[in-house]
Participant: 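Before I ask anything, let me first share the structure, which is written out below as structure tokens.
All residue numbers in this chain count up from 1 along the given sequence.
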Amino acid sequence: MPSQSAGPAPRSEPQRRRRADAQRNYDLLVSAARDVFHDQGVDAPLDDIARRAGVGNATMYRHFPTRRELIIAVYSEEVAELSARSQSLLAEEPPGDALFDWLQDFIAHVAAKRELALSITDDRTSQRSVLFDRWHHSMHAAATALLTRAQSAGAVRPDLNASDLLALANGIALTATGATQAERLILLVRQGTDTPSTPADRIR
């Protein structure tokens with residue numbers, strides 16, 4: 001009677017090396033694309049991205065057949081970092097400070113990355129809607145966790161909700177004339193949402 005298989009054979013060292021090399025090239029391309037898109041805009045030549053990543057064009061197109069797919073990868077990483085930032089703030093900062101520090105980061109993200117997000121066109125599979133729903137859920141979850149903690153600590157009013165705070169933050173990102181005004185506006189929001197026992201600093 002033949003013995004039963006114990007599962008797939010372990011990957012050989014060359015296979016593991018190829019996988020590691022592929023991941024390394026992927027990471028280099030996404031990092032290079034972030035820099036190039038920041039410096040030159042989303043219409044920057046893809047050749048510049050491959051050159052900055054230190055890989056050939058064939059390698060870039062193997063990972064990202066289209067500009068759209070590269071933009072999605074870059075924006076997904078931006079959202080993931082903002083979500084991770086919320087987890088770090090939950091663990092380290094006083095509840096009220098954590099909430100509004102993250103909202104400031106969210107404002108900076110929207111202001112700097114709006115062009116990137118808007119450049120993601122839809123396709124026949126309607127993937128754009130799925131992606132934006134996922135990103136929106138990630139941001140809403142981050143804001144909700146920070147807000148709930150701040151409310152439990154009595155740092156902000158109990159009648160606030162994450163959707164309203166994100167709408168206010170998004171409005172600031174789209175209308176503020178610069179970082180200084182954005183900071184002033186979010187401080188005004190904080191002063192309007194503090195509980196009487198925990199006033200925010202006065203506007204400077």
Side-chain angles (χ1 to χ4, degrees), residues 30-45 48-49 52 67-68 70-121 128 131-147 149-151 155-157 160-195 198-204:
V30 173
S31 177
R34 289 177 68 174
D35 292 341
V36 171
F37 289 153
H38 179 270
D39 295 341
Q40 303 178 37
V42 294
D43 294 324
D48 289 357
I49 294 171
R52 184 171 297 200
R67 178 186 300 271
R68 178 179 179 277
L70 183 54
I71 292 172
I72 288 172
V74 171
Y75 194 76
S76 292
E77 188 164 292
E78 297 280 359
V79 172
E81 288 185 1
L82 192 54
S83 181
R85 168 71 169 153
S86 72
Q87 294 300 311
S88 176
L89 289 169
L90 278 171
E92 297 174 6
E93 299 231 358
D97 292 343
L99 172 62
F100 283 92
D101 284 352
W102 186 83
L103 286 173
Q104 284 187 316
D105 290 343
F106 175 80
I107 289 168
H109 163 84
V110 173
K113 307 303 176 184
R114 184 168 182 263
E115 180 187 6
L116 196 66
L118 292 177
S119 70
I120 300 172
T121 56
R128 185 179 188 274
L131 288 169
F132 274 80
D133 284 347
R134 183 190 308 158
W135 293 329
H136 176 78
H137 175 77
S138 177
M139 294 298 92
H140 194 275
T144 297
L146 290 162
L147 174 60
R149 180 170 173 253
Q151 288 172 325
V156 294
R157 287 167 33 183
L160 295 175
N161 64 66
S163 295
D164 288 345
L165 283 178
L166 288 174
L168 287 167
N170 191 67
I172 291 171
L174 298 181
T175 59
T177 57
T180 300
Q181 188 184 32
E183 290 176 7
R184 180 179 174 85
L185 290 172
I186 196 62
L187 182 55
L188 282 170
V189 172
R190 182 168 187 176
Q191 289 181 326
T193 57
D194 275 325
T195 57
T198 56
D201 293 337
R202 290 182 179 179
I203 298 175
R204 293 181 288 275

Participant: Give me the atom names and distance for the closest heavy-atom approach of Ala169 to Ile107.
Facilitator: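 Answer, listing the atom of Ala169 first, then Ile107: O-CG1, 3.4 Å.
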Participant: Tell me which one of Leu89, Leu90, Leu147 satisfies side-chain contact (heavy atoms from CB on, under 4.5 Å) with Trp102.
Facilitator: Leu89
Participant: Apply side chain to side chain contact (heavy atoms under 4.5 Å, CB included) to residues Val42 and Glu115 and explain how you reach the verdict.
Facilitator: CA-CA 8 Å; Val42 294; Glu115 180 187 6; 3.7 Å; yes
Participant: Output the distance between atom OG (Ser86) and atom CG (Leu103), rounded to the nearest 0.5 Å.
Facilitator: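 So the OG of Ser86 and the CG of Leu103 are separated by 11.0 Å.
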Participant: Could you report the tightest heavy-atom contact between Ile120 and Ile71, atom names first, then the distance?
Facilitator: CG1-CG2, 3.6 Å
Participant: When you measure from the side chain of Ser138 to the backbone of Arg134, do you find a donor-acceptor pair of N or O atoms at a distance under 3.5 Å?
Facilitator: no
Participant: Salt-bridge test for Glu183 and Arg190: reply yes if a basic N is under 4.0 Å from a carboxylate O, no otherwise.
Facilitator: no
Participant: If you apply the rule side chain to side chain contact (heavy atoms under 4.5 Å, CB included), what do you find for Thr193 with Phe100, and how did you get there?
Facilitator: CA-CA 11 Å; Thr193 57; Phe100 283 92; 3.3 Å; yes
Participant: For side chain to side chain contact (heavy atoms under 4.5 Å, CB included), just list the numbers for Leu165 and Val189, CA-CA rounded to whole Å, side-chain angles, deciding distance to a tenth of an Å, and then say yes or no.
Facilitator: CA-CA 9 Å; Leu165 283 178; Val189 172; 4.3 Å; yes
Participant: Between atom CG of Asp35 and atom CG of Asp48, what is the distance when rounded to the nearest 0.5 Å?
Facilitator: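 Reported value, rounded in 0.5 Å steps: 12.0 Å.
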Participant: Specify the closest pair of heavy atoms between Phe37 and Arg67, including all atoms of both residues, with the distance to one decimal.
Facilitator: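 For Phe37 and Arg67, the tightest heavy-atom pair comes out as CE2-NH1, 4.2 Å.
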Participant: Parallel, tilted or perpendicular: which one describes the rings of His109 and Tyr75, with boundaries at 30° and 60°?
Facilitator: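 Geometry flag for Tyr75 against His109: tilted rings.
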Participant: Taking all non-hydrogen atoms of both residues, which atom of Ala150 and which atom of Pro95 are closest, and how far apart?
Facilitator: CA-CB, 3.6 Å
Participant: Between OG of Ser83 and NE2 of His137, what distance do you get to the nearest 0.5 Å?
Facilitator: 9.5 Å
Participant: Within the structure provided, determine whether Asp101 and Leu146 are in side-chain contact (heavy-atom separation under 4.5 Å).
Facilitator: no
Participant: Atom CE in Met139, atom OG1 in Thr144: separation rounded to 0.5 Å?
Facilitator: 11.0 Å
Participant: Among Leu174, Leu168, Ile172, find the one that has a side-chain contact (heavy atoms from CB on, under 4.5 Å) with Asn170.
Facilitator: Leu174
Participant: Less than 4.5 Å apart, any side-chain heavy atom of Arg52 and any of Asp39?
Facilitator: yes
Participant: State the CZ-CZ distance between Phe106 and Arg85, to the nearest 0.5 angstrom.
Facilitator: 15.0 Å
Participant: At what distance, to the nearest 0.5 angstrom, does CD1 of Ile72 lie from CG of Leu131?
Facilitator: 5.0 Å
Participant: Taking all atoms of both residues into account, what is the closest heavy-atom pair of Asn161 and Asp164, and its distance?
Facilitator: OD1-N, 2.8 Å
Participant: Of the non-hydrogen atoms in Gln40 and Pro45, which two are nearest, and what is the gap between them?
Facilitator: OE1-CD, 3.6 Å
Participant: Do Gln104 side-chain atoms and Ile186 backbone N/O form a donor-acceptor pair below 3.5 Å?
Facilitator: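 No.
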Participant: Tell me whether the rings of His136 and His140 are parallel (<30°), tilted (30 to 60°) or perpendicular (>60°).
Facilitator: tilted
